[in-house]
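Quick note: numbers below take in every heavy atom, side chains included, and nothing from hydrogens, waters or symmetry partners. This chain uses plain numbering: 1 for the first residue, then up along the sequence.
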Amino acid sequence: QDEGLRALDQSMDDFYAQARSKVGDEQPPVLAVEQSKWRHQRDGCWKASDRLDCVQASYHHRIIELQARYRLVDSIGPVTYLCDDNPPAKVVVDYFKTEPPSLIARQGDSTVLMLAAPSTSGARYTGTNESLWEHQGETAIRWGFGAPERKCIKQPEAAASAAST
């Protein structure tokens, strides 16, 4: 009965359909499983003290996740960061023009989605246990629960493309 939720639900349907058309008949059906897990999490909002805020936040996050993971919006990247002067400690990032802005970062076999977060200066992105903060030409990345913040430098584009071949 809420017009705002109806619009979010329609937007979700549209982006889910776009993602489905990109993956086709994938085996195993990862997208369908992800969507089912999301619905279960969203339906858990009935326990929240502010149900409407919980449901809205759930929709917003899932829409951004679909847009980024299935590349349904424009992006910048990949951008490679070398952390603590240690080449194996590299983080590869794609930035997405979602609302709010988001990124997908990969380190080794681990991939995380981060959303832009309020910052008094620079650009800050946060995930469940990860963060990336760019400020005055410097980048700090935290990867994992309780992990220390690492100083990272952006690898020049020519070097990044040579390293990936």
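R150 places no side-chain N or O within donor-acceptor distance of the main-chain N or O of D84, the cut-off being under 3.5 Å. Here the side chain of R51 pairs a donor or acceptor atom with the backbone of W46 at under 3.5 angstrom.
In this structure the side chain of P100 reaches within 4.5 angstrom of the side chain of I64, judged on heavy atoms. Side-chain contact between R71 and K22 is present, with at least one heavy-atom pair separated by less than 4.5 Å. The shortest side-chain heavy-atom distance between P101 and F96 does not fall under the 4.5 Å cut-off. Between T111 and R69 the shortest side-chain heavy-atom distance falls below 4.5 Å. Between T139 and I153 the shortest side-chain heavy-atom distance does not fall below 4.5 Å. The side-chain heavy atoms of Q107 and E130, taken from C-beta on, include no pair separated by under 4.5 Å.
Atoms CD and CG, on Q155 and L82 in that order, are 4.5 Å from each other to the nearest 0.5 Å. Here the straight-line distance linking atom CD of E134 with atom NZ of K154 works out to 5.0 Å at 0.5 Å rounding. Atom-to-atom distance recorded for S11:OG and H60:NE2 is 9.0 Å, nearest 0.5 angstrom. Separating the OG atom in S102 from the CD atom in Q67 is a distance of 7.5 Å, to the nearest 0.5 Å.
For the salt bridge (Lys or Arg N to Asp or Glu O under 4.0 Å) condition, the pairs that include at least one residue of residues 34-48, sequence neighbours left out, are E34-R62.
The nearest pair of heavy atoms linking Q41 to S58 is OE1-OG, 2.9 Å. When all heavy atoms are compared, the tightest approach of L5 to Q56 is CD2-CG, 3.8 Å. Of all the heavy atoms in R124 and S119, the pair that sits closest is CB-CB, 3.9 Å.
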*Could you check E99 against I63 for side chain to side chain contact (heavy atoms under 4.5 Å, CB included), going step by step and ending with a plain yes or no?*
CA-CA 9 Å; E99 189 51 48; I63 288 169; over 6 Å; no

*Does the pair H61 and L113 meet the rule for a side chain to side chain contact (heavy atoms under 4.5 Å, CB included), with working shown?*
CA-CA 10 Å; H61 190 272; L113 172 72; 4.0 Å; yes

*Stepwise salt bridge (charged side-chain N to carboxylate O under 4.0 Å, His left out) test for K151 and E149*: CA-CA 7 Å; K151 300 297 179 202; E149 189 172 87; 3.7 Å; yes

_Assess the residue pair L31 and R20 against the criterion (side chain to side chain contact (heavy atoms under 4.5 Å, CB included)); give the C-alpha distance rounded to whole Å, side-chain angles, the decisive distance to 0.1 Å, and a yes or no._
CA-CA 7 Å; L31 176 61; R20 280 194 50 162; 3.5 Å; yes

_Go through it in stages, so that I can follow the logic: the residues are Y59 and D9, the test is side chain to side chain contact (heavy atoms under 4.5 Å, CB included), and I'd like the CA-CA distance, side-chain angles, deciding distance and then a yes or no._
CA-CA 8 Å; Y59 269 99; D9 196 55; 2.6 Å; yes

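Applying the 4.5 Å side-chain rule to ILVMFWY residues, one finds I76, V79, Y81, V91, V93, Y95, L103, V112, M114, Y125, L132, W143 in the same cluster as I141.
With hydrogens and angles left out, the side-chain atoms of Q10 and D14 include a donor and acceptor closer than 3.5 Å.
Between Y16 and W38, a ring centre-to-centre spacing not shorter than 6.0 Å is recorded.
E138 CD: 12 or fewer foreign heavy atoms inside a 6.0 Å radius.
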